[in-house]
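Take a look at the structure set out below.
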There are 2 protein chains.
Amino acid sequence: MNKLSNGGCLHCKAKSDIFDHLSEEELDRVESCRVSMHYRAGEIVFKQGSPCYDFVCITSGLVKLYIEGENDRRLIIGFVKPVDYIFVPGAYVDKRHHYTAVACEETSACLVETEVLQNLVNTNPEFANSFIKKISSQAISLITQIASVTQKQIPGRMADTLIYLATKVYNSNPFITSLSRQDLADLSGMTKESAIRVLKTFKDDELIVIRGDEIELLNIPMLETISRNG
Amino acid sequence: MNKLSNGGCLHCKAKSDIFDHLSEEELDRVESCRVSMHYRAGEIVFKQGSPCYDFVCITSGLVKLYIEGENDRRLIIGFVKPVDYIFVPGAYVDKRHHYTAVACEETSACLVETEVLQNLVNTNPEFANSFIKKISSQAISLITQIASVTQKQIPGRMADTLIYLATKVYNSNPFITSLSRQDLADLSGMTKESAIRVLKTFKDDELIVIRGDEIELLNIPMLETISRNG
DNA sequence: GCAGGATGATGATTTAGATCAATTAAAAAT
DNA sequence: ATTTTTAATTGATCTAAATCATCATCCTGC
């Protein structure tokens, strides 16, 4: 069982802020069907195409979300970190997962049946608002990414990726990451080789420095310029 | 004023089905702040980056939604046709439009203040469900498109575009369209020239036939195969 | 310690698709 | 009807980025 949520949802220090507006009774309802899970690095939380029964809330670790293409190419569309839940667009539409979720490192999560949350949406307007806000935010990031990936070339896309990681995922610069070059490539919609090459030019131009699994952005304004010029 | 909705929202034959679950009183609330608008082909309904005050419901015509990139490239992310409203992800987040909406042909629309709809979400659970379902569906189409545009090459993307138009937008085959080659290119994430070339190969291979502004898909299974193989 | 699978790094080659340039066709305006 | 504008088409060229191939480094388990 996940240490952070030992005492049940009510006293869980790790609960996602969308649960802030729930009453004790409502939290109990969530608690009663909650399942704690633990994943090792690389393990699949759920897979694209599979039926969705639960909402997944990440209490520790890091999860990447990616779309799997036909020719086993991947596009990472985002990360979910503690404490947040993974938005499942299929829950309201076709009861299917539309992307795969994989743990990037040791990860704990709570699973809650979709019906329970859907009920809360109906009974608690504040919860409904948080929920819609969350979906909207994800739609906006999808739009941002689709714009980056389709309209910029390699340096601009990698700049976007690095800025995204520093500001949105790790909230730190330098940041320590468990992501491989392949992951960086999958985030930027390019091949591993292209990712390595463009990172090298960034290093040569002293825009970034990489020490082992630590990445530091040295010249963010320049990276932003590169992002803007595609 | 829009002919279809002369008698107000209550008797509007053109109302979006998400309004189906509203009471008379609720429909009156919508009615009281409704503004009817008319747009000519090519006119902007709202522009990416501008503040959003209203939800827009299309009562006749057709609207395209596109992301504007830095280097004035465009990516069409969808169409809105009667009777449906344009989902505005910024309404719950940053009060900004994240894409541009342009009328493809003569188009009528009703504008409703965002606050009014947001209120309905809070007071009417059924409405909230329809609303979330709508947002979720759009997120799913964004995911589908991002997968197509990033992981397939030109023929696969154009096949996706043609199938999308026939099955999701015009619901007919053949279909008559006011879209230009540039629009087809913007939908598929390619240049106008590439769009023209790939359409020519499709015509030569007797997968499609184009007569003026009518497009007919002759061999949908083959187009689906092309889509699958990227 | 060493073997062996994963990950990272680089160079050489190929190619899909953009860009550029020019022509034709169709529509709109005068 | 004739000019002007706009959209569609086609070919030639160029280039960004993928692919292919090789080699260097890591870790991880024996």
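Within every chain, numbering begins at 1; the chains are lettered A, B, ... in the order of the sequence lines, protein sequences first and strands thereafter.
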For residues 203-216 of chain B, dump all side-chain donor-acceptor pairs below 3.5 Å to protein atoms at least two apart in sequence or in another chain.
| residue | atom | partner | partner atom | Å |
| --- | --- | --- | --- | --- |
| B:Arg211 | NH1 | B:Glu214 | OE1 | 2.2 |
| B:Arg211 | NH2 | B:Glu216 | OE1 | 2.6 |

What residues form a side-chain contact (heavy atoms from CB on, under 4.5 Å) with A:Lys81, not counting sequence neighbours?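 Per chain and number, A:Lys81 pairs via side-chain contact (heavy atoms from CB on, under 4.5 Å) with A:Leu62, A:Asn171.
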Please enumerate all residues that pass side-chain contact (heavy atoms from CB on, under 4.5 Å) together with A:Ser141, with sequence neighbours excluded.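 Result, side-chain contact (heavy atoms from CB on, under 4.5 Å) vs A:Ser141: none returned.
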Just checking B:Lys95: does its NZ atom have more than 12 heavy atoms from other residues, nucleotides or ligands closer to it than 6.0 angstrom?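 Counting neighbours around NZ of B:Lys95, more than 12 heavy atoms of other residues, nucleotides or ligands fall under 6.0 Å, so yes.
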Acceptor/donor pairs from residues 39-57 of chain A side chains to any protein atom, 3.5 angstrom cut, sequence neighbours excluded:
| residue | atom | partner | partner atom | Å |
| --- | --- | --- | --- | --- |
| A:Glu43 | OE1 | A:Arg40 | N | 2.9 |
| A:Lys47 | NZ | A:Glu68 | OE1 | 3.2 |
| A:Lys47 | NZ | A:Glu68 | OE2 | 2.9 |
| A:Gln48 | OE1 | A:Glu68 | N | 2.7 |
| A:Gln48 | NE2 | A:Glu68 | O | 3.2 |
| A:Ser50 | OG | A:Lys47 | O | 2.6 |

N/O donor-acceptor pairs under 3.5 Å from side chains in residues 191-199 of chain A, not counting sequence neighbours:
| residue | atom | partner | partner atom | Å |
| --- | --- | --- | --- | --- |
| A:Thr191 | OG1 | A:Ser194 | N | 3.3 |
| A:Thr191 | OG1 | A:Ser194 | OG | 3.2 |

Helical bend (five base pairs per end, nearest 10°) for the helix from C:dG1-D:dC30 to C:dT30-D:dA1: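 Terminal axis comparison yields 40°.
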Report the residues that fulfil ring pair (Phe, Tyr, Trp, His ring centres under 6.0 Å) with B:Phe87, sequence neighbours left out, ordered by chain and then residue number.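 Ring pair (Phe, Tyr, Trp, His ring centres under 6.0 Å) check on B:Phe87 returns nothing, list empty.
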Residues which pass side chain to side chain donor-acceptor pair (under 3.5 Å) with B:Gln182, listed by chain and number, not counting sequence neighbours: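 Listed in chain order: B:Asp186.
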Show me the pairs that pass ring-ring contact (aromatic ring centres under 6.0 Å, His included) and involve residues 141-162 of chain A, at least two apart or across chains.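 Listed once each, the pairs would be none.
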Just grab all the ring-ring contact (aromatic ring centres under 6.0 Å, His included) pairs involving residues 59-78 of chain A, residues at least two apart or on different chains.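 The answer is none; no pair qualifies.
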Each nucleotide of nucleotides 8-25 of chain C classed B (base within 4.0 Å of a protein heavy atom), S (only sugar-phosphate) or -, in 5' to 3' order, makes SBBBB----SSBB-----
B/S/- along nucleotides 22-30 of chain D (protein heavy atoms under 4.0 Å) is ---------
